[in-house]
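To keep things clear, I will list the structure first and then write my remarks on it.
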Amino acid sequence: MKKIKMYPTKEMGMSDIFSVVLSGQNIEENIRNVSYHFVIDGEYRSDPFAKSILGHSKFGSRKTKVRHGIELEQFDWTDENWKKIPGKEMILYQCHVRGFTKHSSSGVSAPGTFLGLQEKIPYLKELGVNTLLLMPIYEFDECMRDSEGNFTGKLNFWGYTGNAFYLAPKASYSSGKTSPAAEFQQMVKALHQNGINVILDMYFVGKTPEFVLHCLRYYAYFYHIDGFRVNQDQFSLDWLGQDPMLSHVKIIGNEWSTGNCVSGEPTFYEMNDGFLVDARRYLKSDEGQTGRFYQRFKEQENGIGKIHYITSHNGFTLRDLISYDIKHNEANGERGRDGTEYNYSWNCGFEGKTRRKQVLRMREKQEKNAFVMLLLGMAVPMLLAGDEFGNSQKGNNNAYCQDNLTTWLDWRNLEKNRETFEFAKRMIWFRKKHPLYHQVRQLTGSDLSGRGVPDVSCHGREPWVADFSYYSRELGILYYGSYFGGQSLYFAFNFHWDEHEFFLPDVESDKRWKILVNTAGEECVEIEDGSYILAPRSIAIFEKIEDRPKEKSGRHSKIVSKSANKKKHS
């Protein structure tokens, strides 16, 4: 470069704003090699609006001074085929870019990068998820430091820190074949071409509302991002809802005081631990949870979208939720003081990894139960990456500082737990295909149209008699098909440690109930005395179908598993 000039713009009345002019040969071709930083009154200053950071291409780099790069490349979005997925159609998948493919078993050409994630698109499509929620992808300082700025020896793997450059995609998440910005754009384009939307988790600390809005607009415009998860204390809700660009993207927070809709579609979504706690407690057969879970399972958006999850990056994975009673965070170096004490988990009879067949069978059943509870409720579901094939963090429920095999997905588990993967995929496919999950109107729990049966109704072991007593662990939920233009569905939950007899409600007598799913995994046979037996800690899903092979002598049908006549067991 021949010269760099800086001109104060005093003539505009802004003496503290400067412009820089670069001149020289082949500037655009060599712009990736140009860097800058600020020195004001002899003190080094960084640029919070930097679009690129140089010299940090290796994750865990301890460099303290930051070199800012200049981003001038124009990305070609031709043939992107960008389509916004409606809220009720979303199936979220929370993912860490580095951890998703960093393990050697991932089989990608650039592990731990945007390119590596892009190479896994065929897998995401096979699973059936259609919206990625990516943990921080912007440039953050992963080297954790003490109050004097000294490296503590620990890495912030997650990226939730205020020491960040929010407008710059993380250089260490790039393969280096192109700029981080271009590689990130190419990944987003490829995801959009395959019908997958992208939502970014943005954790702002100490930023003005103006900066936050500027940052979100930049990602929405320059990177075609479909939505953001944000910490709500950092911006103005009124500004967000009125912004002409951001009012068209999805904004996820923990709780909203008011909703915002564009063309009837909510743009604000709530993501809190309410469903997580109630679902986990019901799954582990705690007392007094039946009524609470019923309300959670059937709740829908009402101006504000609802996102349900049983696991997320913060806490146990699903496999650990059914394998550990307590956290095992010793590797974090905090003597077990970190991480929540309230996991609402159950190890199914043995702490940690085991070969005991009885324990493994129970865990397999509990895993399937969790997938049904999450993926077939009425709210938008969010799956944690790796849960679909039994990913474990060995009981660590706060793996924020583990950049190693603890947090890197081991893709060998996909074949080891193929049945788990296929079940999760089947539940996602069922959700996509069944009209219950695509209706426009809200379920009310009443028969507003006079069709003889409420749109959704609650039952116990006996039809039309809900049991929300403290000791009840049995629940039936009927979705009446006439209200959503499909076949009626009945969910039967038995989270007691004994098998129990259930009666199906007598509706649409010209049809018969057919069992679609039995998480106990046992073959079922139909008999004629008006009831069915549900195995301990299991879920059965029934559908009303047209083909009625023969007349029944009773009012109901009975489903008996192979274990129905065995001695009851806990």
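Side chains are part of it too, since the values below use all heavy atoms of this structure and drop only hydrogens, waters and symmetry mates. Because the structure is predicted, anything quoted here is derived from the model rather than measured.
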If you apply the rule side chain to side chain contact (heavy atoms under 4.5 Å, CB included), what do you find for Phe204 with Tyr166, and how did you get there?
CA-CA 8 Å; Phe204 294 102; Tyr166 294 97; 3.8 Å; yes
Between [Y] and [X], is the closest basic N to carboxylate O distance under 4.0 Å?
{"X": "Lys177", "Y": "Glu183", "result": "no"}
{"X": "Glu422", "Y": "Lys425", "result": "yes"}
{"X": "Glu89", "Y": "Arg431", "result": "no"}
{"X": "Lys189", "Y": "Glu80", "result": "no"}

Establish, from distance only, whether the side-chain atoms of [X] and [Y] form a donor-acceptor pair under 3.5 Å.
{"X": "Glu119", "Y": "Thr101", "result": "no"}
{"X": "Trp82", "Y": "Asp226", "result": "yes"}
{"X": "Glu299", "Y": "His308", "result": "yes"}
{"X": "Asn272", "Y": "Asn254", "result": "no"}
{"X": "Asn332", "Y": "Asn396", "result": "yes"}
{"X": "Asp320", "Y": "Ser392", "result": "yes"}
{"X": "Asn314", "Y": "Ser312", "result": "no"}
{"X": "Asp47", "Y": "Tyr36", "result": "yes"}

Measure across [X] and [Y] and return the closest heavy-atom pair with its distance rounded to 0.1 Å.
{"X": "Pro381", "Y": "Leu375", "answer": "CB-CD2, 4.0 Å"}
{"X": "Cys401", "Y": "Lys154", "answer": "SG-CE, 3.8 Å"}
{"X": "Asn130", "Y": "Ile91", "answer": "OD1-N, 2.8 Å"}
{"X": "Glu126", "Y": "Phe421", "answer": "OE2-CE2, 3.7 Å"}
{"X": "Phe297", "Y": "Leu376", "answer": "CZ-O, 3.3 Å"}
{"X": "Ile225", "Y": "Val198", "answer": "CG2-O, 3.5 Å"}

Do [X] and [Y] make the cut of ring centroids closer than 6.0 angstrom?
{"X": "Tyr223", "Y": "Phe184", "result": "yes"}
{"X": "Phe389", "Y": "Trp411", "result": "yes"}
{"X": "His96", "Y": "Trp158", "result": "no"}
{"X": "Tyr160", "Y": "Phe140", "result": "no"}
{"X": "His68", "Y": "Phe165", "result": "yes"}
{"X": "His214", "Y": "Phe49", "result": "yes"}

Heavy-atom neighbours of Trp429 CH2 exceed 12 at 6.0 Å
no
Determine whether more than 12 heavy atoms belonging to other residues, nucleotides or ligands lie under 6.0 Å from atom NZ of Lys432.
yes
Is any side-chain heavy atom of [X] closer than 4.5 Å to a side-chain heavy atom of [Y]?
{"X": "Leu115", "Y": "Ser109", "value": "yes"}
{"X": "Asn398", "Y": "Lys327", "value": "no"}
{"X": "Thr317", "Y": "Gln393", "value": "yes"}

Quick check against the 3.5 Å criterion: does [X] have a side-chain atom that pairs as donor or acceptor with the backbone of [Y]?
{"X": "Arg281", "Y": "Tyr344", "answer": "no"}
{"X": "Thr420", "Y": "Gly390", "answer": "no"}
{"X": "Asn156", "Y": "Gly159", "answer": "yes"}
{"X": "Gln94", "Y": "Leu134", "answer": "no"}
{"X": "Asp243", "Y": "Ser247", "answer": "no"}
{"X": "Gln442", "Y": "Glu301", "answer": "yes"}
{"X": "Ser323", "Y": "Arg319", "answer": "yes"}

Contacts of type side-chain contact (heavy atoms from CB on, under 4.5 Å), residue Asp79, not counting sequence neighbours
Gln193
Please identify each residue that fulfils side-chain contact (heavy atoms from CB on, under 4.5 Å) with Asn404, with sequence neighbours left out.
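So Asn404 forms a side-chain contact (heavy atoms from CB on, under 4.5 Å) with Gln402, Thr406.
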To the nearest 0.5 Å, tell me how far [X] [atom1] sits from [Y] [atom2].
{"X": "Leu124", "Y": "Leu117", "atom1": "CG", "atom2": "CG", "value": "6.5 Å"}
{"X": "Asn391", "Y": "Asn413", "atom1": "CG", "atom2": "CG", "value": "7.0 Å"}
{"X": "Ile199", "Y": "Tyr269", "atom1": "CD1", "atom2": "OH", "value": "8.5 Å"}
{"X": "Lys125", "Y": "Lys120", "atom1": "NZ", "atom2": "NZ", "value": "15.5 Å"}
{"X": "Trp256", "Y": "Thr267", "atom1": "CH2", "atom2": "OG1", "value": "8.5 Å"}
{"X": "Ile252", "Y": "Leu133", "atom1": "CD1", "atom2": "CG", "value": "5.5 Å"}

Between Val230 and Val212, does the side chain to side chain contact (heavy atoms under 4.5 Å, CB included) criterion hold? Intermediate values first, please.
CA-CA 10 Å; Val230 294; Val212 172; 5.6 Å; no
Stepwise side chain to side chain contact (heavy atoms under 4.5 Å, CB included) check, Glu367 with Leu318
CA-CA 7 Å; Glu367 216 160 24; Leu318 181 55; 3.9 Å; yes
If you look only at pairs with a residue in residues 390-402, which of them pass as a salt bridge (Lys or Arg N to Asp or Glu O under 4.0 Å), with sequence neighbours excluded?
none
Show every salt bridge (Lys or Arg N to Asp or Glu O under 4.0 Å) that has at least one partner inside residues 130-144, sequence neighbours left out.
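Only Glu139-Lys170, Asp141-Arg145, Glu142-Lys170 qualify under salt bridge (Lys or Arg N to Asp or Glu O under 4.0 Å).
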Partners passing side-chain hydrogen bond (donor to acceptor under 3.5 Å, both in side chains) against Asn397 (at least two apart in sequence or in another chain):
Asn329, Asn343
For a side chain to side chain contact (heavy atoms under 4.5 Å, CB included) check, start with the C-alpha distance between Ile85 and Thr131, then their side-chain angles and the critical distance, and finish with the verdict.
CA-CA 8 Å; Ile85 296 174; Thr131 305; 4.0 Å; yes
Show your working on salt bridge (charged side-chain N to carboxylate O under 4.0 Å, His left out) between Glu270 and Lys306 and close with a plain yes or no.
CA-CA 5 Å; Glu270 287 184 346; Lys306 304 288 184 181; 2.9 Å; yes
Parallel, tilted or perpendicular: rings of Phe114 and Tyr173 (30°, 60°)
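Rings of Tyr173 and Phe114: perpendicular, over 60°.
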Could you name each residue pair satisfying side-chain hydrogen bond (donor to acceptor under 3.5 Å, both in side chains) that touches residues 377-390, not counting sequence neighbours?
Tyr93-Glu388, Tyr123-Glu388, Thr311-Asp387
Quick check with a 6.0 Å cut-off and a 45 degree axis cone: is Arg98 positioned over the face of Phe157's six-membered ring?
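Judged by the rule, Arg98 and Phe157 form no cation-pi pair.
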